[in-house]
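For reference, the structure discussed in these notes is given below.
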Amino acid sequence: PCYVGPYAEVRAVSLVRPGTSIGVMSKVGGEVSNSIVMGYTNKAHDGYLGDSYVGKWVNLGAGTTTSNLKNTYGEITMNMGSEQVPTGRRRLGALIGAHTKTAILTRLMTGTYVGFCSMLADSGSPPRFVPSYTFWTDRGPEKYRMDKAIEVTQRVFSRRDRGWTATDEQMMRYVAEAAPAVEGTK
């Protein structure tokens, strides 16, 4: 069993496995298993998403793939900042915050956490903990500038015929203030 929300699109030749929920107006392609994909999210291309949670307005680039099972078949831990937390789970993919984007062929290891409004655009695997408002490239982490984050989010909203409101901006600024600082930036 799975749930496909109103106006959601499941692309041809996709494999949607049991335990999957696809939110309103989301686009899903490739393979999705036992995952929650919130509304307005785009995972329209090949790639595997397993045992994961994906927030609203996320865009997973073509070939973005999660690992959801350790090679040792042992318990998965998550990095929460500098602390390693046992999950009690043998299967766990990625937890991805709203408004986050990944580049093509992004690889997310088991138990990866990517915060709100981050961008993963490197040629290797990003770390297993990426704070909110992080712009991650081959040069490492940089703080994702608020003006740029708002500009991109406004473009994304307009693509889906949704207007930008003062509440949207307040929410983005609130999360940015609450988020921990990105290492290596001010």
Side-chain angles (χ1 to χ4, degrees), residues 1-11 13-70 76-80 85 87 89-122 125-136 141 144 149 152-153 155-157 159-160 162 168 171-172 175-176 178-179:
C2 70
Y3 172 79
V4 178
Y7 307 104
E9 179 181 333
V10 177
R11 296 283 172 99
V13 196
S14 298
L15 184 56
V16 178
R17 296 195 182 275
T20 297
S21 294
I22 302 168
V24 62
M25 289 192 76
S26 289
K27 296 178 184 177
V28 171
E31 184 176 0
V32 183
S33 177
N34 199 40
S35 293
I36 298 170
V37 178
M38 298 300 286
Y40 303 94
T41 287
N42 184 24
K43 187 234 173 286
H45 303 287
D46 281 343
Y48 177 71
L49 181 69
D51 298 279
S52 297
Y53 172 88
V54 182
K56 288 183 175 182
W57 298 99
V58 170
N59 186 60
L60 301 178
T64 294
T65 297
T66 61
S67 170
N68 65 334
L69 180 65
K70 288 173 67 171
I76 295 168
T77 59
M78 288 191 73
N79 295 337
M80 296 307 290
V85 179
T87 65
R89 299 179 59 104
R90 300 259 184 255
R91 290 187 181 272
L92 179 63
L95 306 177
I96 303 171
H99 298 287
T100 287
K101 311 208 179 346
T102 66
I104 62 169
L105 301 176
T106 299
R107 297 173 306 209
L108 301 172
M109 298 298 115
T110 56
T112 293
Y113 170 90
V114 182
F116 181 95
C117 203
S118 291
M119 174 62 189
L120 304 178
D122 64 341
S125 293
R128 291 179 52 223
F129 177 79
V130 179
S132 295
Y133 288 97
T134 298
F135 201 94
W136 189 272
Y144 194 177
V152 170
T153 304
R155 276 192 213 132
V156 170
F157 278 17
R159 289 183 65 212
R160 299 281 183 108
R162 184 182 185 285
D168 294 319
M171 183 206 46
M172 289 189 75
V175 174

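Computation of the quantities below employed the complete heavy-atom set of this structure, encompassing side-chain atoms and omitting hydrogens, waters and symmetry-equivalent molecules.
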**Prompt:** Would you say Arg128 and Thr77 make side-chain contact, with heavy atoms under 4.5 Å?
**Reply:** yes
**Prompt:** Do any pairs count as a salt bridge (Lys or Arg N to Asp or Glu O under 4.0 Å) and have a residue in residues 95-111, sequence neighbours left out, and if so which ones?
**Reply:** none
**Sole residue of Pro126, Pro127, Pro131 in side chain to side chain contact (heavy atoms under 4.5 Å, CB included) with Phe129** = Pro131
**Prompt:** Roughly how far, to the nearest 0.5 Å, is the CG atom of Leu120 from the OG1 atom of Thr100?
**Reply:** 7.0 Å
**Asked** With a 4.5 Å heavy-atom cut-off, do Arg162 and Asp168 have their side chains touching?
**Response** yes
**Message:** How close do Ala149 and Tyr133 get, counting heavy atoms only, and between which atoms?
**Reply:** CB-CE2, 4.0 Å
**Asked** For Ser52 and Gly93, which heavy atoms make the closest approach, and how far apart are they?
**Response** OG-CA, 3.4 Å
**Message:** Is it true that, when you exclude Lys56 itself, more than 12 heavy atoms of the residues, nucleotides or ligands shown sit nearer than 6.0 Å to its NZ?
**Reply:** no
Got a list of side-chain donor-acceptor pairs under 3.5 Å for residues 108-115, not counting sequence neighbours?
unit_1, atom_1, unit_2, atom_2, d
Thr112, OG1, Met109, N, 3.2
Thr112, OG1, Met109, O, 2.6

N/O donor to acceptor pairs below 3.5 angstrom from side-chain atoms of residues 42-50, sequence neighbours left out:
unit_1, atom_1, unit_2, atom_2, d
Asn42, OD1, Ala44, N, 3.3
Asn42, ND2, Asn59, OD1, 2.7
Lys43, NZ, Gly29, O, 2.6
Lys43, NZ, His45, O, 3.0
Lys43, NZ, Gly47, O, 3.1
Tyr48, OH, Asn68, ND2, 3.2

**Prompt:** Can you tell me how far CD1 of Ile22 sits from CD1 of Ile36, rounded to the nearest 0.5 angstrom?
**Reply:** 11.5 Å
**Fill in**
Between the CE atom in Met172 and the CZ atom in Phe116, the distance rounded to the nearest 0.5 Å is 5.0 Å
**Asked** Where the side chain of Ser132 meets the backbone of Cys117, is there a donor-acceptor pair that is under 3.5 Å apart?
**Response** no
**Message:** Is the ring pair Trp57/Phe157 parallel, tilted or perpendicular, if the boundaries are 30 and 60 degrees?
**Reply:** tilted
**Prompt:** Where is the tightest heavy-atom contact between Pro141 and Thr134, given as atom of each residue plus distance?
**Reply:** CB-CG2, 4.0 Å
**Fill in**
So the side chain to side chain donor-acceptor pair (under 3.5 Å) pairs with at least one residue in residues 1-11 (sequence neighbours excluded) are Glu9-Arg11
**Request:** Give, for atom CG of Leu60 and atom CD1 of Ile96, the distance between the pair rounded to the nearest 0.5 Å.
**Result:** 5.0 Å
**ring-ring contact (aromatic ring centres under 6.0 Å, His included) partners of Phe135, counting only residues at least two apart** = Tyr144
**Complete:** Residue pairs meeting salt bridge (Lys or Arg N to Asp or Glu O under 4.0 Å), one or both in residues 58-69, sequence neighbours left out, come to none
**Message:** Could you tell me if the side chain of Met78 sits less than 4.5 Å from the side chain of Leu95, heavy atoms only?
**Reply:** yes
**Complete:** OH of Tyr53 to CG of Asn34, rounded to nearest 0.5 Å, is 15.0 Å
**Asked** Okay, side chain of Thr106, backbone of Ala121: is any donor-acceptor separation there less than 3.5 Å?
**Response** no
**Message:** Keeping Arg160 on the side-chain end and Met25 on the backbone end, is there a donor-acceptor pair under 3.5 Å?
**Reply:** yes
**Asked** When rounded to the nearest 0.5 angstrom, what is the spacing between CG in Leu15 and CZ in Arg17?
**Response** 4.0 Å
